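What you are looking at is a predicted structure, and each value in this text was computed from that prediction instead of being measured.
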Amino acid sequence: MGLGNHRLKACATFVLLAGFARAQPARPEDLAAGKFLVAPRDAPDRHFAETVILLIDYSPDGAAGLIVNRETKVPLSRALEKISGAKERSDFAYSGGPVEGSAVLALLRSRTKPQDARRVFGDVHLISSRALLDKTLAAGTSPDEVRVYLGYAGWGPGQLQREVEHGGWHILRGDADIVFDPEPGSVWRRLVRRTETQVARR
């Protein structure tokens with residue numbers, strides 16, 4: 001399943017055009033785990049058109065994130081057939097990104113950090129172990145509090161910084177209400193509009 005100790009591999013995930021104009025003065029130093037990457041309207045890579053990515057890992061060695069606004073039509077009971085806790089789940093899995101489509105990760109909203117989970121920001125935690133995911137789903141945790149992702153987005157050392165320098169992403173502070181928004185299909189439109197409003201005010 002790719003759950004547990006899998007490594008977040010680097011992947012060339014975004015093709016930038018020379019001279020690609022930036023819509024917002026995002027800065028590489030603003031990058032950090034817990035930040036949103038919002039694709040601009042004219043993003044050249046179809047893999048990331050109209051996406052909002054939550055960075056779950058960021059370091060000099062690279063970065064990884066989950067696309068939070070691409071809900072699939074595959075229920076968890078079918079996507080996670082080998083996890084008993086998902087047997088009765090009718091909520092849908094999300095497409096987390098183009099890297100390792102068999103990898104399964106989850107985001108949990110909880111005031112208390114569960115053992116074996118990793119805090120991303122605020123009360124949002126990353127689940128990467130099969131045992132914890134099974135336990136979380138078996139407990140009947142609401143879709144408003146847990147989201148399951150197949151695959152992820154990845155960048156090698158310095159790659160994401162260069163994309164930001166070329167205007168490839170807007171950067172916004174992470175927001176748990178957005179991560180667990182009941183209407184994920186409208187999240188990108190709302191956030192890109194917010195960034196454009198900020199630019200207009202400047």
Would you say Ile56 and Leu105 make side-chain contact, with heavy atoms under 4.5 Å?
yes
Please examine the side chains of Val146 and Arg89, heavy atoms only from C-beta on, and report whether any two atoms are closer than 4.5 Å.
yes
Given side chains that start at C-beta, do those of His170 and Arg194 come closer than 4.5 Å, heavy atoms only?
no
Write out all pairs satisfying ring-ring contact (aromatic ring centres under 6.0 Å, His included) with one or both partners inside residues 112-144, taking only residues at least two apart or from two chains.
none
Per the salt bridge (Lys or Arg N to Asp or Glu O under 4.0 Å) rule, what does the pair list look like for residues 102-115, sequence neighbours excluded?
Arg109-Asp123, Arg109-Asp177
How far apart are the closest heavy atoms of Gly154 and Val99, and which atoms are they?
N-CG2, 3.8 Å
Tell me whether Phe92 is reachable from Ile67 by hopping between hydrophobic residues (I, L, V, M, F, W, Y) whose side-chain heavy atoms are closer than 4.5 Å.
no
Do Leu80 and Leu137 have side chains that approach each other closer than 4.5 Å (heavy atoms only, starting at C-beta)?
yes
Counting only heavy atoms not in Glu29 (residues, nucleotides, ligands), do more than 12 fall under 6.0 Å from its CD?
yes
Please say whether more than 12 non-hydrogen atoms of neighbouring residues, nucleotides or ligands are located less than 6.0 Å from CZ in Arg190.
yes
Going by heavy atoms in the side chains, are Val104 and Leu133 under 4.5 Å from each other?
yes
Whether over 12 other heavy atoms sit under 6.0 Å from Glu145 CD
yes
Trp169 vs Trp155 aromatic rings, parallel, tilted or perpendicular, using cut-offs 30° and 60°?
perpendicular
Interatomic distance, Arg162 atom CZ to Glu165 atom CD [nearest 0.5 angstrom]
8.5 Å
Measuring only between side-chain heavy atoms, which start at C-beta, is Arg41 closer than 4.5 Å to Trp188?
yes
Main chain of Thr136, side chain of Thr141: is a donor-acceptor contact present, judged purely on distance under 3.5 Å?
yes
Contact check, side chains of Leu66 and Ile53, non-hydrogen atoms, under 4.5 Å
no
With sequence neighbours excluded, tell me which residues meet salt bridge (Lys or Arg N to Asp or Glu O under 4.0 Å) with Asp175.
none
Compare every heavy atom of Ala153 with every heavy atom of Phe48, then report the nearest pair and how far apart it is.
CE2-CB, 3.9 Å
Main-chain N/O of Ile83 paired to Asp134 side chain as donor or acceptor, under 3.5 Å
no
Main chain of Glu50, side chain of Asn69: is a donor-acceptor contact present, judged purely on distance under 3.5 Å?
yes
